[in-house]
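Okay, so here's the structure we're looking at.
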Amino acid sequence: MRLLFVVIVAALLSGCETAWITANEVVDKLPAPTIENDTSKSGAADWVQATGYAPISLQPGATRQQKVVMAMRASKLRAYQELVGVVHGQYIFGTTTVQDMVMQRDSFKAAVAGFVRGARVVKTYPIQDDTYATILEVDMSQLQRAWIN
């Protein structure tokens with residue numbers, strides 16, 4: 001009986017050793033783990049565009065040419081405002097007034113604040129006769145790197 005017990009224990013222990021060696025061999029043959037580098041992803045540009053519009057006839061100026069130049073500037077600033085809203089988000093404040101279960105007044109205000117560095121003008125062009133448009137774009141990955149640094 002003891003001999004049978006010793007043989008079974010020896011077989012089990014030798015089996016464990018074999019399994020341990022086999023597991024080590026499998027681990028050794030596995031390829032080395034690769035750690036994905038986030039900078040490789042950040043090399044790709046992630047462009048975001050915003051368009052600003054401005055009416056020409058409502059701009060201050062003595063001549064049509066002066067009004068066009070002012071509309072170009074106003075549309076560019078409006079495009080920057082849109083970009084800031086995309087990059088930093090918008091603050092929205094709203095109120096609703098209800099009296100006798102009838103809505104009396106519903107209003108909201110929106111505001112944006114922030115800075116955008118590295119934006120470039122893609123296109124500035126007139127739309128029909130009285131509107132000017134400017135398209136700006138910015139690389140979001142560049143903005144994220146600026147925040148990190």
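For this chain, numbers begin at 1 and follow the sequence in order. Please read all numbers here as calculations on a predicted model, not as lab measurements.
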Nearest heavy-atom pair of I56 and A71: which atoms, and what distance?
CG1-CB, 3.8 Å

Checking D139 side chain against D46 main chain: does a donor-acceptor pair fall under 3.5 Å?
yes

Any donor-acceptor pair under 3.5 Å linking the side chain of E137 with the backbone of I135?
no

Where I92 and A110 come nearest, the two heavy atoms and their spacing:
CD1-CB, 3.5 Å

Q49 side chain reached by L136 side chain, heavy atoms, under 4.5 Å
no

Side-chain H-bond candidate by donor/acceptor type, D130 with S57, under 3.5 Å
yes

Considering all heavy atoms, the nearest A133-S75 contact:
C-OG, 4.0 Å

Tell me whether H88 contacts the main-chain N or O of F115 through its side chain, where contact means a donor paired with an acceptor under 3.5 Å.
yes

Treat each ILVMFWY residue as a node, draw an edge where side-chain heavy atoms are under 4.5 Å apart, and state whether Y132 and Y53 are in one component.
no

What one should report as the nearest heavy-atom pair of L83 and V48 is CD2-O, 3.8 Å

Shortest non-hydrogen separation from R117 to V138 and the atoms involved
O-CG2, 3.9 Å

Can L77 be reached from V116 by stepping across I, L, V, M, F, W or Y side chains whose heavy atoms are under 4.5 Å apart?
no

T96 versus M103: any side-chain heavy-atom pair under 4.5 Å?
yes

V121, Y80: one ILVMFWY side-chain cluster at the under-4.5 Å cut-off?
yes

If you count heavy atoms of other groups shown closer than 6.0 angstrom to CG of D129, is the number above 12?
no

Linked, directly or transitively: V69 and Y125 (ILVMFWY side chains, under 4.5 Å):
no

Rounded to the nearest 0.5 angstrom, the CD-CZ distance for Q59 and R64 is 11.0 Å

Within the supplied structure, the quantity of interest is the number of heavy atoms (other residues, nucleotides, ligands) at a distance under 6.0 Å from K67 NZ; does it exceed 12?
yes

Could you tell me which non-hydrogen atom of A50 sits nearest to which non-hydrogen atom of E82, and how far apart they are?
CB-CB, 3.6 Å

To the nearest 0.5 Å, what is the distance between CE on M70 and CG on L58?
12.5 Å

With a 4.5 Å cut-off on side-chain heavy atoms, are T134 and T51 touching?
no

